[in-house]
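None of these values were measured; they are calculated from a predicted model. Just so we're on the same page: letters track the sequence lines, and every chain starts at 1.
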Amino acid sequence: MAKEYNFREIEQKWHRLWTQRHTYKVTEDVNRKKFYVLNMFPYPSGAGLHVGHPLGYIASDIYARYKRLQGFNVLNPMGYDAYGLPAEQYAIKTGQHPEKTTFANIDRYREQLDKIGFSFDWDREVRTCTPDYYHWTQWAFQKMFNSYFNEELQKAQPIERLIEKFKQEGRWPSDEKAQSDLLMNYRLAFLGETMVNWCPGLGTVLANDEVVEGVSVRGGYPVEQKKMRQWCLRVSAYSQRLLDGLDTIDWSESIKETQRNWIGRSEGTEVKIKIVDELTSKQVDKLVDEGANGNSSTNKQLVNSSTEFTIFTTRADTMFGVTFFVLAPESELVDKVTTPEQRAAVDEYLHYVKSRTERERMIDHTVTGVFSGAYGINPITGDKCPIYIAEYVLAGYGTGAIMAVPAHDSRDYAFARHFGLPIIPLVEGADVSEESYDAKEGIVINSPSAPEKSVEYDGERLCLNGLTIKEAIAETKRFVKAHGLGRVKVNYRLRDAIFSRQRYWGEPFPVYYKQGIPTMIPEECLPIELPQVEKFLPTETGEPPLGNAKVWAWDEKNRRVVDCSLVDNKTVFPIELYTMPGFAGSSAYYLRYMDPHNDKALVSDRAASYWQNVDLYVGGSEHATGHLIYSRFWNKFLFDLGVSKKDEPFQKLVNQGMIQGRSNFVYRIKETNTFVSLGLKDQYDVTPIHVDVNIVKNDVLDIEAFKAWSPEYATAEFVLEDGKYICGWAIEKMSKSMYNVVNPDMIVEKFGADTLRLYEMFLGPVEQSKPWDTNGIDGCHRFLKKLWALFWTKDGELAATDGEPSADSLKTLHKLIKKVTADIEAFSYNTSISAFMVAVNELTQQRCTSRQVLQTLPVLIAPFAPHIAEELWEALGQEGSVCDARWPQWEEKYLVETSVKLGVQFNGKVRFDMFFPADATPEQMIELATSAPEAAKYLEGMQVVKTIAIPGRIVNIVLKPQA
RNA sequence: GCCCAGAUGGUGGAAUUGGUAGACACGAGGGACUUAAAAUCCCUUGGCCAGUGAUGGCCGUACGGGUUCGAUUCCCGUUCCGGGCACCA
């Protein structure tokens, strides 16, 4: 009896042995080179894992195991992003404490993960919701609070330095409240009165990346803009460093591009615009006559006339085409600028703008706006242009005010057309009769249209005519700077991150309010643990859920958390009721894995120095503008502090694709309980119904299982084709409601973890999204059986012999080593597995039993299928674990061909194949090809024009008819 | 609208980056073994045409052009699908 491949027994055995032997325990070892592999840790949801989740873990595990076999000391940890909304919402619904459900989910995840045979060092597991972990989240927050960003040094510095500076400059107020307010403008973690994305459905604010098209990512509730006092992180301070860092890391171009868009650097010019209004310009002469001592209302006008505002533009070259200015409705200037005559119209407009939700504004781009009554003076032309207020200008970007150049900006163009404002073309050949010319290419004209149309400054007038747009921008910048009309300014779209949430299930802020001044709980007293509450909903007075906590006040004298009733505002103060957002805990977890049990520091200097940063990070691309920005920001801050040793946290990033579901359908004839097979369905009026993919094999329905699936179908009847019921299919998101969820446990049960690992990788490139189709899995399972069979005789004895391997076998082996090594390096696991299949087939055909060849195979397959690798390794009588073996080196000498079969081409078309000596020179190849008998018929009556011969590639002879 | 990435058999996908397109796997068809099933093994499988046959010919990598002895690969244009950003001045 041949020895059977009993994967269940093998996998259970090795899972047990790995645990017993601590095979995957990692310690810092300065004598070995480190390699840090990391997966984005999962949020443990109640639904458990489906086959899509482990894809990235398998891909990184393969790389981790490969690196280990190469002799690296590999850190490959795993943990849980355990704070989050679903657990809290579940708690609200059921009253179950989120910790309870979260921990239960974690246990379930762990159980599922363990079945797949990962090389995680579980001793390093972290959970973001445990006090020993969020201790360091709170600590980092306090460090940010006590730091500011030094623009000159482009790095974070202790806030004390800033205080010193203020003192030296005499700007340090004596009042404590004023001191606090002043510093809030600089702290990296600060309380800010900002417009936030308020989500009434969730009862909390959301970060920009948590809102898509005006609704929340989680739950899809509408989101509105609201002004609130919130904790914020000054992420924008790091804009330039976040941008520059992208050039130093090995990430996909598309994700870097996404981040560049998100950071949105634009280099432009700020120009100061003087304001005049109708009244002032009419009355200026009169006022001068009267001696400027008019009544208070005219005084106010005079103040207005000396007021100026600043606009931001990236198209400084178009200053000669400005025909109006526009302010954002939320701009503080609106109030100052509006004239009494226009007051009513402006108020009405502001009211209209307020009534519109963010979503409406985003979708509906109809032109709206109102004239403020005031005018601005274009400093370059001296022209007086009306100032409008319109919602198409955003308060949050630039200065909230723009100069409008309708000829060369489509939005300004639409506005000008709507309000009948002039349009002045500035680019040679640009036709602006139908639409604006927005391109940044061409030669500038009309700038100025006549010499006197350009205002003189210090004897100089700006003239851009004849320049290219790029030159004109540079020239205008120079002019504006030289004459003090404004300054060159870089703007970023990246906003500061709103860092507080009105939720229960998150990290509490280590902050209390002393006479309204936010004060940090001393570092030595951290962590401040999340208090118990009875209800997870906001309080009746609208406070966040932590308002329900009874013991949630800070006793300054005794340095501990005490009962709220003790608050006396002398020594006992209320603690912050907000909690931190989801990204707080996930921003520095990779550092914690380096030293997870340290209770003195986030990470020891020794561990951080050894592990440096993550060499390979694997996770979904959906985190491009969330986690992957926050984490880089957080790390850069910790780098400035000297805690992190690298400016960038993740050197190489691989984004695994999503696994979609492949749903199956049955077709019910309307108003019957009869189902018709796919090929016949067009003959009836049918309703397609999702059917559980687990009772369908190769699109053939298991009719008995279907009848048992739901009582409704117990009496179903079927119209079959060829005696089978064929189901339809479609690619959809993998979800319970589509009955297309495939569970990894089931696959492991049926085929084994090694087959699952192999198949997940065989499905296609790791980066690519693809549907899961269990149909193909047999191929991978068969391969493992064939590999297994190679090691055993018919009688179930070990087949290995000590004889010298054949040249063929050595060639097969070394070809395989070469291919697999190159493919793993390139993350091309699917082709790697194909190479294995070819090699095993070849070795089987060669009846290879050589120990020398056989003992290399377990090492090569170990990254992909570790269980079978261990079993074979042991069967061969090798010492220890295959994990401690050395990755083999391929040798060219076994691959050398004595002859090479190449296509011989005449005029670019392959005419015949022939063998050439492997070491033939191009000249010899041409000689051999032209003298071959097959060549004669092509050469007849022809003349050789050109010959091309590339050893190993091609032989090509170009002919033309003889003259 | 702007930016990025794609499009190859019935299906998932290969192709040493300009050198015999379709590796490997699934599915399908045929065959062997078997009382039968499972399992295993062998053959065929991009399309069209000719031939009893070994075989030969033509077409073929979304579409239309171009460069080249030679293009799935490089260039230009078009269509379609996916991802990101989006009144960002």
Could you tell me whether A:Lys901 contacts a base, only the sugar-phosphate backbone, or nothing, with contacts defined as non-hydrogen atoms closer than 4.0 Å? base
Counting heavy atoms from C-beta on, name the nucleotide in B:A15, B:G19, B:C85 closest to the side chain of A:Ile954. B:G19
Among B:G13, B:A25, B:U16, find the nucleotide with the atom closest to the side chain of A:Phe762. B:A25
Please determine whether a side-chain nitrogen or oxygen atom of A:Asn956 lies at a distance below 4.0 Å from atom OP1 or OP2 of B:G19. no
Tell me which nucleotide among B:G19, B:G13, B:C41 gets nearest to the side chain of A:Lys786. B:C41
I'd like to know if A:Gln905 reaches the base of B:G19 with its side chain, counting only an N/O donor and acceptor under 3.5 Å. yes
With a non-hydrogen cut-off below 4.0 angstrom, is A:Pro765 in contact with a base, only sugar-phosphate, or nothing? sugar-phosphate
For B:A71, which nucleotide in any strand shown is its Watson-Crick or wobble partner with both distances under 3.5 Å? none
Contact under 4.0 Å: A:Arg493 side-chain N or O vs B:A86 OP1/OP2: yes
Is B:U17 paired to anything, Watson-Crick or G-U wobble with both distances less than 3.5 Å, and if yes, which nucleotide? none
For A:Val955, which contact category applies under a 4.0 Å heavy-atom criterion: base, sugar-phosphate, or nothing? nothing
When the nearest nucleotide of RNA chain B is assigned to A:Asp913 and to A:Asp773 on a heavy-atom basis, which residue is associated with the more 5' position? A:Asp773
Using Watson-Crick or G-U wobble geometry with both distances under 3.5 Å, which nucleotide pairs with B:C87? none
Looking for any heavy atom pair under 4.0 Å, which part of the strands does A:Leu394 touch: base, sugar-phosphate only, or nothing? base
Considering only the P atoms, how many Å lie between B:G12 and B:C87, rounded to the nearest integer? 36 Å
Hunt down the Watson-Crick or G-U wobble partner of B:C58, both distances under 3.5 Å, from any strand shown, or write none. B:G47
If you check the A:Lys785 side chain, which of B:A39, B:C3, B:G84 turns out closest? B:A39
Which of B:A14, B:C4, B:A89 is nearest the side chain of A:Asn830? It is B:A14
Taking the inter-plane angle between the rings of A:Phe912 and A:Phe906 on a 0 to 90° scale, is it parallel (under 30°), tilted (30 to 60°) or perpendicular (over 60°)? tilted
Think A:Lys946 has a side-chain N or O under 4.0 angstrom from the OP1 or OP2 of B:C69? yes
Determine the interatomic distance between P on B:A37 and the same-named atom on B:G30; round to the nearest Å. 14 Å
Does the side chain of A:His408 come under 3.5 Å of the side chain of A:Ser436 through a donor N or O and an acceptor N or O? no
So, are A:Glu4 and A:Lys785 salt-bridged, with charged N and O less than 4.0 Å apart? no
Would you mind classifying the nucleic acid contact of A:Arg911 as base, sugar-phosphate or nothing, using non-hydrogen atoms under 4.0 angstrom? nothing
Rounding to an integer number of Å, can you tell me how far A:Asn491 CG sits from B:A89 P? 9 Å
Between B:G82 and B:A28, how far apart are the two C1' atoms, rounded to whole Å? 30 Å
Side chain of A:Asp409 (C-beta onward), nearest among B:A14, B:C3, B:A89: B:A89
Given B:C87, B:A89, B:C69, identify the nucleotide with an atom nearest to the side chain of A:Glu391. B:C87
Determine the interatomic distance between C1' on B:U68 and the same-named atom on B:C2; round to the nearest Å. 35 Å
What nucleic acid atoms does A:Lys818 come within less than 4.0 Å of, heavy atoms only: base, sugar-phosphate, or nothing? nothing
Checking B:C69, B:C24, B:C26 against the side chain of A:Ser834 (C-beta onward), the nearest is B:C24
Classify A:Asn907 by what it touches in the nucleic acid, base, sugar-phosphate, or nothing, heavy-atom distance under 4.0 Å. sugar-phosphate
Distance between P atoms of B:C63 and B:C80 (Å, rounded): 15 Å
Is atom CE of A:Met942 surrounded by more than 12 heavy atoms (other residues, nucleotides or ligands) closer than 6.0 Å? yes
Span that lies between the C1' atom of B:U55 and that of B:C41, in whole angstrom: 28 Å
Quick one: is B:A89 close enough that its OP1 or OP2 comes under 4.0 Å of any side-chain N or O from A:Tyr392? no
Which nucleotide, if any, forms a Watson-Crick or G-U wobble pair with B:A32, using both distances under 3.5 Å? B:U40
With a 3.5 angstrom cut-off on both distances, give the Watson-Crick or G-U wobble partner of B:C63, or none if there isn't one. B:G77
Neighbour count >12 (heavy atoms, 6.0 Å) for atom CD, A:Glu435: no
Provide the Watson-Crick or G-U wobble partner of B:A23, both distances under 3.5 Å; none if there is no partner. none
For nucleotides B:U61 and B:G47, find the distance between their P atoms and express it as a whole number of Å. 15 Å
If you look at every strand shown and take non-hydrogen atoms under 4.0 Å, does A:Arg782 touch a base, only sugar-phosphate, or nothing? sugar-phosphate
Worked verdict on A:Tyr349 versus A:Thr368 for side-chain hydrogen bond (donor to acceptor under 3.5 Å, both in side chains): CA-CA 9 Å; A:Tyr349 182 67; A:Thr368 65; 2.7 Å; yes
Mind telling me whether A:Tyr5 and A:Phe7 have parallel, tilted or perpendicular rings, with 30° and 60° as the class edges? tilted
Using the P atom on both, measure B:A89 against B:A15 and round to a whole Å. 40 Å
Tell me what A:Glu253 touches on the nucleic acid: a base, only sugar-phosphate, or nothing, going by heavy atoms under 4.0 Å. nothing
Whether A:Tyr392 and A:Phe415 hold their rings parallel, tilted or perpendicular, with breakpoints at 30° and 60°: tilted
With respect to the side chain of A:Arg953, which nucleotide from B:A25, B:A89, B:U16 is positioned closest? B:U16
